[in-house]
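One structure is given here, and the rest of the page talks about it.
Quick note on labels: first sequence line is chain A, next is B, and so on, each numbered from 1.
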Amino acid sequence: MKALQAVRGMNDVLPQDAALWEFFEDSVRDWLRAYGYRNIRMPLVEPTALFVRSIGEATDIVEKEMYTFQDSLNNESLTLRPEGTASCVRAAIEHSLLHQGAQRLWYGGAMFRHERPQKGRYRQFHQIGVEAFGLPGPDIDAEHLIMTARLWRLLGLSGIRLELNSLADSAARAAHRQRLIAFFEQHRDQLDGDAQRRLHSNPLRILDSKNPHMQPLIEAAPQLNEHMDDAARAHFHGVCATLDRAGVAYSINPRLVRGLDYYNYTVFEWVTDALGAQGTVCAGGRYDGLFEQLGGKPAPGCGFAMGVERLVALLQVQASPASQHAAEAQQPDVYVLHQGDAAAMEAARAAEELRDAQLRVVLHCGGGSFKSQMKRADASGARFAVILGEEELVRKEVSVKPLRAQGVQTSVPLKEAIELIRG
RNA sequence: GUGGCGUUAGCUCAGUCGGUAGAGCAUUGGGUUGUGGUCCCAAGGGUCAUCGGUUCGAAUCCGAUACGCCACCCCA
């Protein structure tokens, strides 16, 4: 029979790599608690309309990357979530979370986009999302950036740069958009195919084009900040000033445009050069119109998402001391081996007693020679082997052998062995 | 979705001009009736990605497909 394989772009994370994932997830959980963010969990599947209305009809995600299917049992169009913000806002509206005041929330999990797979870009990928609802000021934007800078330190990562921009408010964006369309229409002959297609659907994205032939035209295009009002300017200034005061470095990138339509005011990306073409490890910004767009009462929103695969890849490349220490901490304290039927049963009981003493214990199963059991013990990474054979059984003791450090094997009652191992 | 490169043992890779496959590491066993990590010996492990074509004969040449990598595009 032909062996089946995983769906393209959807990966197994094997135990050796999963240890790093666990280190990442544990660090993230502690970090979010330190800032008072609470976990929220949304479904993986949502009505298709949720993403069309939030992300935007003309975006690549909605146009060609969504896993959309018809649930024929009740004739609904459903979609595997391509991102988390829309679901999170939907949940906040549906359960009236803002009635309890502003919300700091986070979620994590799988997202799905049908793109051609590449390193750092998969069809099933994982994000940690952080959202703050009901807070209009620049303080919360700055908090998100300051806390993210801390996370990189906690993970032991370096070389992640912050790029920052303001998209102003919707009125300014609309005015800017009209002028952009008019400007690019005058120079239609200089636009490449992609830009022509986006001219009316999403002209802001043309500014982000990397086509070198279009750079002079883009340089000459109308600037958004010509339309920015005092409130937008003050907000952006507030974010920058708070970052300056907190000592978080950034560079302002006027070309920075997000791929999702719902952003306004602050947008940002954390980028690295260490991962090739998919260098954005974390990105987000403000989306004050989204609640209204999804049928809720108007409320400000601000948030970001991290790509877990990308950050884990960075942890792998940079092999930080923090992550190495975490990998070592996963290894068992004790490997219990035994010889003979009576000893096997006593070993199972003794292993439980060791675990009662908060030790991490692997009990040898599957038989095998003494030598092969010792090899297993060594390969497990355990600090000690605890040996139970005929001799130990008679003496009502166990032999304790240090496997990592210097030291001699000793035969003692189990209670003493526990003291010895716990040091 | 477009283009380029690739796919041989669990892993990393060699394989000459087309003549039916090899190494290192890993695994298992032994050297030691109860002692790992070093050393020595041995063994197991292959639909040469898949399907088709050319040929007396294909891992090798050609085509398609699947999967991977890189870039574009896009994004976390």
Side-chain angles (χ1 to χ4, degrees), chain A residues 1-11 14 16 55 59-65 82-85 108-130 148 160 192-195 197-198 202 205 208-212 256-260 268-272 275-284 303-314 335 337-340 343 364 366 368-393 399-406 408-409 411:
Chain A
M1 192 183 292
K2 200 185 173 202
L4 295 170
Q5 51 186 196
V7 173
R8 183 174 203 194
M10 304 201 182
N11 301 305
L14 301 178
Q16 196 172 343
I55 296 169
T59 58
D60 277 21
I61 293 176
V62 170
E63 270 180 2
K64 52 194 190 195
E65 295 173 3
E83 61 110 30
T85 301
M111 308 289 165
F112 301 86
R113 294 184 199 171
H114 193 105
E115 299 180 89
R116 184 126 158 192
Q118 196 178 323
K119 185 168 62 175
R121 188 176 74 179
Y122 306 104
R123 290 183 177 179
Q124 175 179 323
F125 61 105
H126 298 79
Q127 289 187 336
I128 303 290
V130 176
T148 311
I160 306 178
D192 61 18
D194 213 45
R197 191 178 58 81
R198 293 193 180 284
N202 201 351
R205 278 223 73 89
D208 206 27
S209 167
K210 283 162 191 104
N211 185 342
L256 185 62
V257 179
R258 309 271 54 240
L260 288 61
F268 62 86
E269 281 185 11
W270 290 92
V271 294
T272 173
L275 297 178
Q278 313 301 328
T280 303
V281 294
C282 175
F304 61 95
M306 295 178 255
V308 178
E309 282 84 356
R310 292 180 186 180
L311 284 162
V312 168
L314 205 54
Y335 193 96
L337 49 132
H338 48 84
Q339 284 281 274
H364 181 84
S369 69
F370 209 84
K371 184 188 176 81
S372 67
Q373 291 193 36
M374 279 303 295
K375 282 188 173 182
R376 286 268 148 244
D378 183 51
S380 76
R383 284 156 49 232
F384 291 92
V386 163
I387 301 163
L388 251 160
E390 315 282 341
E391 298 165 22
E392 286 84 357
L393 218 52
S399 293
V400 180
K401 174 165 182 161
L403 295 173
R404 303 288 153 233
Q406 300 296 326
V408 289
Q409 180 172 324
S411 185

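Residue A:A283 is in sugar-phosphate contact alone, with no base atom involved, counting any heavy-atom pair closer than 4.0 Å across all strands shown. Residue A:E83 is out of contact with every strand shown, counting any heavy-atom pair closer than 4.0 Å. Within 4.0 Å (heavy atoms only), A:K119 reaches sugar-phosphate atoms of the nucleic acid but no base atom. Counting any heavy atom pair closer than 4.0 Å across all strands shown, A:G129 reaches no nucleic acid atom. A:Q278 comes within contact range of at least one nucleobase, with a heavy-atom separation under 4.0 Å. Within 4.0 Å of A:G9, counting heavy atoms only, lie sugar-phosphate atoms of the nucleic acid but no base atom. As judged by a 4.0 angstrom heavy-atom cut-off over every strand, A:S372 is placed among residues touching the sugar-phosphate backbone only. Using a 4.0 Å heavy-atom cutoff across all strands shown, A:E63 reaches no nucleic acid atom at all. Using a 4.0 Å heavy-atom distance criterion, A:I387 is classed as a base contact. Using a 4.0 Å heavy-atom criterion, one finds that A:Q339 contacts the sugar-phosphate atoms exclusively.
Scanning atom types as modelled, no donor and acceptor separated by under 3.5 angstrom connect the side chain of A:R383 and the base of B:G36. In the interface, the side chain of A:R113 is not paired with the base of B:C75 through any donor and acceptor atom under 3.5 Å apart. For B:U35, its base sits under 3.5 Å from the side chain of A:Q409 at one donor and acceptor pair at least. Judged by distance alone with a 3.5 Å cut-off, a donor-acceptor contact links the side chain of A:R116 to the base of B:G3. Applying the 3.5 Å distance criterion, the base of B:G36 shares a donor-acceptor pair with the side chain of A:K401. On a pure distance criterion of 3.5 Å, no polar donor-acceptor pair joins the side chain of A:Q5 and the base of B:G68.
Atoms CG (A:N11) and P (B:G68) sit 7 Å apart, rounded to a whole Å. Here the P atom of nucleotide B:U32 and the NZ atom of A:K375 are 14 Å apart, to the nearest Å. In this structure, A:E391 places its CD atom 13 Å from P of B:U33, rounding to the nearest Å. Taking atom CZ on A:R376 and atom C1' on B:G37, their separation rounds to 14 Å, with Å as the unit. Separating the CZ atom of A:F370 from the C1' atom of B:G31 is a distance of 18 Å, rounded to the nearest angstrom. The OH-C1' distance, from A:Y335 to B:G34, rounds to 16 Å in whole Å. Between the P atom of B:C72 and the CD atom of A:E115 lies a distance of 14 Å, rounded to the nearest Å. At whole-Å resolution of the value, CG in A:L403 and C1' in B:G37 are 9 Å apart.
The separation of B:U60 from B:A21, taken at their P atoms, amounts to 13 Å, rounded to a whole angstrom. Rounded to a whole angstrom, the distance from the C1' atom of B:G4 to that of B:C73 is 15 Å. Nucleotides B:G15 and B:A58 are separated by 14 Å at their C1' atoms, to the nearest Å. Spacing between B:G31 and B:G36 at atom P, rounded to whole Å, works out to 11 Å. Taking the C1' atoms as reference points, B:C74 lies 39 Å from B:A14, given to the whole Å. Between the C1' atoms of B:U32 and B:C11, the separation comes to 31 Å (whole Å). Atom name P, nucleotides B:G6 and B:C61: the rounded distance is 10 Å, in whole Å. Rounded to whole Å, the separation between the C1' atoms of B:G29 and B:C70 comes to 44 Å.
The two residues A:G368 and A:Q339 make their nearest non-hydrogen contact at O-NE2, 3.7 Å. Contact record, A:F125 with A:Q127: CE1-NE2, 3.6 Å, taken as the closest heavy-atom pair.
Tested against A:Y335 for a side chain to side chain donor-acceptor pair (under 3.5 Å), the candidates A:H364, A:R383, A:K401, A:R376 yield a single pass: A:H364.
A 3.5 Å limit on both hydrogen-bonding distances identifies B:G1 as the Watson-Crick or G-U partner of B:C72. Judged by Watson-Crick or G-U wobble contacts below 3.5 Å, the nucleotide B:A42 has B:U28 as its partner. Using the Watson-Crick or G-U wobble rule with both distances under 3.5 Å, B:U7 pairs with B:A66. Across all strands shown, B:G36 remains unpaired; no Watson-Crick or G-U wobble contact has both distances below 3.5 Å. The base-pairing partner of B:C48, taking Watson-Crick or G-U wobble contacts with both distances under 3.5 Å, does not exist among the strands shown. Across all strands shown, the partner of B:C56 is B:G19, judged by Watson-Crick or G-U wobble contacts whose two distances both fall under 3.5 Å.
A:L403 is listed as a side-chain neighbour of A:M374, based on a closest heavy-atom distance under 4.5 Å.
Considering only the side chain of A:R404, B:G36 comes nearest among B:G36, B:G34, B:C73. Side-chain proximity of A:K371 to the nucleotides B:G36, B:C74, B:G68 is greatest for B:G36. Nearest to the side-chain atoms of A:A277 among the listed nucleotides B:U28, B:C72, B:C69 stands B:C72.
Residue A:Q118 places at least one side-chain N or O closer than 4.0 Å to OP1 or OP2 of B:A71.
Side-chain atoms of A:R310 never come within 3.5 Å of backbone atoms of A:V281 as a donor-acceptor pair (strictly under, hydrogens ignored). The main-chain N or O of A:I61 is never found under 3.5 Å from a side-chain atom of A:R113 such that the two would form a donor-acceptor pair. Proximity of a side-chain donor or acceptor of A:E83 to a complementary backbone N or O of A:M111 within less than 3.5 Å is not detected.
Of the residues near RNA chain B, A:G368 and A:R310, the one whose nearest nucleotide (by heavy atom distance) lies more toward the 5' end is A:G368. A residue-by-residue look at A:G279 and A:Q406 shows that A:Q406 has its nearest nucleotide of RNA chain B further toward the 5' end.
The number of heavy-atom neighbours closer than 6.0 Å to CZ of A:R123, taken from other residues, nucleotides and ligands shown, is above 12.
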Original post:
How far apart are the C-alpha atoms of A:I128 and A:L311, what are their side-chain angles, what is the distance that settles it, and do they pass the side-chain contact (heavy atoms from CB on, under 4.5 Å) test?
Top reply: CA-CA 11 Å; A:I128 303 290; A:L311 284 162; over 6 Å; no
